[in-house]
Amino acid sequence: QVQLVESGGGLVQAGGSLRLSCGASGRTFSMYAMGWFRQAPGKEREFVATISRSGSSTLVADSVKGRFTISRDNAKNTVHLQMNSLKPEDTGVYYCAAAFYSTPWRMSTRANEYDYWGQGTQVTVSS
């Protein structure tokens, strides 16, 4: 079992930056691909970014490409989401998630493929 805790959310003006962090409790953190998803009020949860077990491969949603960067530090059991040039439409609750794969290069954009989820952290971008 993996426990995930997000942090770093807050209120920021459009054009600003935030860095989200997700800490994992399990010693098998490096066996999981990681992802970030977000959910705005009244909308379904949507994919933001994912990273492979080793961190060698990443994928971000088209809506955040060029602005957001996902990274991980397996030695610290931590994954990060650096968010730059924030827009009001980036507002929502951001969730960290872990997906188990036997192959090191795999990652996922699908929420239903993730096994564990954090509680979420609120990100609000004002105009």
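Start at 1 with the first residue, then count along the sequence.
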Do [X] and [Y] sit in the same hydrophobic cluster, where Ile, Leu, Val, Met, Phe, Trp and Tyr count as joined when their side-chain heavy atoms come under 4.5 Å apart?
| X | Y | value |
| --- | --- | --- |
| Trp117 | Phe47 | yes |
| Val12 | Leu81 | yes |
| Tyr114 | Tyr116 | no |
| Leu86 | Val60 | yes |

Donor-acceptor pair, distance only, cut-off 3.5 Å: does the side chain of [X] make one with the backbone of [Y]?
| X | Y | answer |
| --- | --- | --- |
| Ser52 | Ser57 | yes |
| Thr78 | Lys76 | yes |
| Ser25 | Val2 | no |
| Ser85 | Arg67 | no |
| Arg72 | Arg53 | yes |

Where [X] and [Y] come nearest, the two heavy atoms and their spacing:
| X | Y | value |
| --- | --- | --- |
| Leu4 | Ala24 | CD2-CB, 3.6 Å |
| Asn74 | Phe29 | OD1-CE2, 3.2 Å |
| Val79 | Ser71 | CG2-O, 3.0 Å |

Next on the checklist: Among Met107, Met34, His80, exactly one meets side chain to side chain contact (heavy atoms under 4.5 Å, CB included) together with Ile51. Which residue is that?
Outcome noted: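 One option only clears the test, and that one is Met34.
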Distance, nearest 0.5 Å, that separates [atom1] of [X] from [atom2] of [Y]:
| X | Y | atom1 | atom2 | result |
| --- | --- | --- | --- | --- |
| Thr69 | Asn84 | OG1 | CG | 6.5 Å |
| Asn77 | Ser30 | CG | OG | 8.0 Å |
| Gln82 | Ile70 | CD | CD1 | 12.0 Å |
| Gln1 | Thr28 | CD | OG1 | 10.5 Å |

Enumerate donor-acceptor pairs with a distance under 3.5 Å from any side-chain N or O in residues 118-125 to protein atoms, sequence neighbours excluded.
{"residue": "Thr121", "atom": "OG1", "partner": "Gly9", "partner atom": "N", "Å": "3.3"}
{"residue": "Gln122", "atom": "NE2", "partner": "Thr124", "partner atom": "OG1", "Å": "3.3"}

Do Ser54 and Pro104 touch side chain to side chain, with heavy atoms closer than 4.5 Å?
no
Fill in: Sub-4.5 Å side-chain heavy-atom contact between Phe68 and Trp36
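In short, these two side chains do not touch, never coming nearer than 4.5 Å.
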Can you list, pair by pair, the side-chain donor-acceptor contacts under 3.5 Å of residues 93-103, counting residues two or more places apart and other chains?
{"residue": "Tyr94", "atom": "OH", "partner": "Arg38", "partner atom": "NH1", "Å": "2.9"}
{"residue": "Tyr94", "atom": "OH", "partner": "Asp90", "partner atom": "O", "Å": "2.6"}
{"residue": "Tyr101", "atom": "OH", "partner": "Glu113", "partner atom": "OE1", "Å": "2.8"}

Practice item. Apply the test side chain to side chain contact (heavy atoms under 4.5 Å, CB included) to residues Leu20 and Glu6: give CA-CA distance (whole Å), side-chain angles for both, the deciding distance (0.1 Å), then the verdict. Key: CA-CA 7 Å; Leu20 304 184; Glu6 303 95 335; over 6 Å; no
Give me each pair satisfying disulfide bond (SG atoms under 2.5 Å apart) with a member in residues 98-127, each pair once, sequence neighbours excluded.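 Every candidate disulfide bond (SG atoms under 2.5 Å apart) pair involving residues 98-127 fails, so no pair, neighbours aside, qualifies.
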Heavy atoms from other residues, nucleotides or ligands near [atom1] of [X] exceed 12 (cutoff 6.0 Å):
| X | atom1 | result |
| --- | --- | --- |
| Asn112 | CG | yes |
| Arg110 | CZ | no |
| Glu89 | CD | yes |

